[in-house]
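A short worksheet on the structure shown next.
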Amino acid sequence: MSAGSTPLLFLHGYWHGSWCWSEVIARVARMGRASVAVDMAGHGLRAVRPQCLTTRPFDAEILATEMSPVAGVDLEQAGDLLVSQIEEVGRGGPVTVVAHSMGGTVLTRAAQLAPELLAHAVYLAAFMPASDVPAIAYIHLPENAGELVAPSFRADPAAIGALRFDLASDDPDYRQQLRDALFGDVDPAVADAAIGLLTPDAPAGIALGATTLTRDGWGSVPRTYVTCARDMAIRPGLQQKFISDADATFPDNPTAVVALDSSHSPFLSMPEQVADIVAKLG
């Protein structure tokens with residue numbers, strides 16, 4: 001398979017930022033492929049942290065109840081932002097977008113809004129929700145049993161408008177659970193550094209939103225799903241459900257599938273393999 005030629009745009013998932021793609025982008029650059037990573041709405045340089053995390057003395061009750069400053073961010077805003085980012089990167093031409101985790105929900109919205117802007121949609125251990133189904137509806141399905149993300153929340157998302165981690169916790173068991181959920185096969189020192197860069201609040205509105213998919217919209221965009229066999233955030237059974245549901249709805253445009261034997265974050269544990277996969281697409 002020859003290397004692709006369209007620009008690559010990388011979109012992270014919940015709690016992360018454009019920083020998480022740095023190792024992949026460096027390797028893609030060596031392959032001669034133009035690429036850029038962007039921040040999702042409410043994340044990275046667009047994040048706002050709750051006051052409870054810097055208030056001293058620390059109060060766990062406030063951590064569990066303070067309304068999130070990103071509670072107003074929803075899927076519509078995130079999708080519109082991604083479309084604008086794709087337009088800026090593509091400058092009139094199509095772009096291959098690689099989305100991780102909850103970024104897949106945003107990619108799906110953007111692809112439905114502006115399918116002509118996408119050469120290829122790549123879902124890396126990502127939510128790829130069906131038409132009119134919000135991402136949050138998948139979290140507690142039997143196919144996702146055993147996931148470790150929801151047990152790590154330190155507040156009720158419905159009450160504060162966000163999915164909140166206690167990233168400053170000194171509880172070794174809790175910190176290990178975060179590592180197991182997101183960075184299971186990542187070098188421990190790198191995993192700890194990544195946890196230090198995460199945004200504590202992920203806007204619940206992105207997971208609550210749904211997109212109506214059409215054959216000439218999202219259904220017309222070539223797509224690849226990269227499965228991660230040791231994923232403890234989006235379990236392998238749920239990854240397969242995303243693929244089978246999409247193919248059942250849009251059988252004329254089946255999902256290409258590439259398998260990795262990795263945890264939820266192969267961009268940190270095996271960036272060479274991720275770069276090799278995505279550089280050949282689009």
Side-chain angles (χ1 to χ4, degrees), residues 10-23 37-75 77-78 81 100-103 105-106 127 135-136 139-140 147-209 231-234 263-265 267-269:
F10 292 94
L11 181 69
H12 60 85
Y14 264 172
W15 305 287
H16 290 67
S18 55
W19 55 266
C20 73
W21 296 105
S22 61
E23 295 297 318
V38 298
D39 286 325
M40 188 195 303
H43 292 78
L45 293 177
R46 294 179 169 83
V48 186
R49 294 174 179 263
Q51 292 183 355
C52 59
L53 294 180
T54 53
T55 300
R56 295 295 181 269
F58 173 74
D59 190 326
E61 182 176 345
I62 297 177
L63 177 77
T65 57
E66 181 186 329
M67 180 62 68
S68 174
V70 295
V73 176
D74 59 18
L75 180 58
Q77 294 174 37
L81 174 61
H100 177 244
S101 200
M102 192 58 72
T105 302
V106 183
F127 283 89
I136 201 166
I139 292 175
H140 297 297
E147 62 85 18
L148 296 176
V149 172
S152 302
F153 297 160
R154 285 299 176 259
D156 179 359
I160 69 165
L163 288 67
R164 177 172 292 165
F165 289 153
D166 180 8
L167 299 174
S169 173
D170 60 359
D171 179 348
D173 292 335
Y174 180 73
R175 296 191 68 81
Q176 185 61 51
Q177 181 168 284
L178 288 177
R179 285 192 291 268
D180 291 342
L182 301 174
F183 309 116
D185 63 342
V186 177
D187 178 272
V190 175
D192 284 342
I195 290 172
L197 291 171
L198 295 177
T199 298
D201 283 7
I206 294 176
L208 291 168
D231 198 326
M232 297 303 295
I234 301 178
S263 71
H264 189 57
S265 302
F267 43 79
L268 295 179
S269 63

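With Glu66 contributing its side chain and Leu53 its backbone, the two residues share no donor-acceptor pair below 3.5 Å. Judged by distance alone, with hydrogens and angles left aside, the side-chain atoms of Ser68 form no donor-acceptor pair with the main-chain N or O of Gly161 at under 3.5 Å. No donor-acceptor pair closer than 3.5 Å links the side chain of Arg49 to the backbone N or O of Thr54. One N or O on the side chain of Asp39 and one on the backbone of Leu45 form a donor-acceptor pair closer than 3.5 Å. Between the side chain of Arg179 and the backbone N or O of Pro188, no donor-acceptor pair lies under 3.5 Å.
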Report task. In sequence, state the C-alpha distance, the side-chain angles, and the governing distance for His16 and Leu198, and then conclude on side chain to side chain contact (heavy atoms under 4.5 Å, CB included). Result -> CA-CA 5 Å; His16 290 67; Leu198 295 177; 3.7 Å; yes
Requested in this report: Please report the C-alpha distance between Val48 and Asp201 in whole Å, then the side-chain angles of each, then the deciding distance to 0.1 Å, and finally whether the side chain to side chain contact (heavy atoms under 4.5 Å, CB included) criterion is met.
Outcome: CA-CA 8 Å; Val48 186; Asp201 283 7; over 6 Å; no
Requested in this report: Mind running side chain to side chain contact (heavy atoms under 4.5 Å, CB included) on Leu81 and Met40 for me, showing each step along the way?
Outcome: CA-CA 8 Å; Leu81 174 61; Met40 188 195 303; over 6 Å; no
Query - Worked verdict on Ser101 versus Ile234 for side chain to side chain contact (heavy atoms under 4.5 Å, CB included) - result: CA-CA 8 Å; Ser101 200; Ile234 301 178; 4.0 Å; yes
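Distance check: Phe58 CZ to Ser169 OG gives 7.5 Å after rounding to the nearest 0.5 Å. A distance of 11.0 Å separates CG in Leu182 from SG in Cys20, rounded to the nearest 0.5 Å. To the nearest 0.5 Å, atoms CG (Asp187) and CG (Asp192) are separated by 9.0 Å. If you take CZ on Phe183 and OG on Ser263, they are separated by 8.5 Å, rounding to the nearest 0.5 Å. Of the inter-residue distances, the one linking Leu167 atom CG with Arg154 atom CZ reads 11.0 Å to the nearest 0.5 angstrom. The CE atom of Met232 sits 7.5 Å away from the CG atom of Asp180 when rounded to the nearest 0.5 Å.
Checked against the 6.0 Å centroid criterion, the rings of His264 and Tyr14 do not qualify as a close aromatic pair. Trp15 and His12 have their aromatic ring centers separated by at least 6.0 angstrom.
Contact annotation: the side chain of Ile62 never approaches that of Thr55 to less than 4.5 Å [non-hydrogen atoms, C-beta and beyond]. No side-chain heavy atom of Leu75 sits under 4.5 Å from any side-chain heavy atom of Leu208. Counting only heavy atoms from C-beta outward, the side chains of His43 and Pro203 approach each other to under 4.5 Å. Between Phe127 and Ile136 there is no side-chain heavy-atom pair separated by less than 4.5 Å.
Minimum interatomic distance between Ala191 and Val186 (heavy atoms only, all atoms of both residues): N-CG1, 3.7 Å. Between Trp21 and Ala37, the shortest heavy-atom contact is CD1-CB, 3.9 Å. Minimum heavy-atom separation, Tyr174 to Ser152: OH-O, 2.7 Å. Scanning both residues, Ile206 and Ala41, for their nearest heavy atoms gives CD1-O, 4.0 Å. When all heavy atoms of Ala233 and Glu147 are compared, the pair lying nearest together is O-CB, 3.7 Å. Between Ile195 and Arg175 the shortest heavy-atom distance is CG2-NH2, 3.8 Å.
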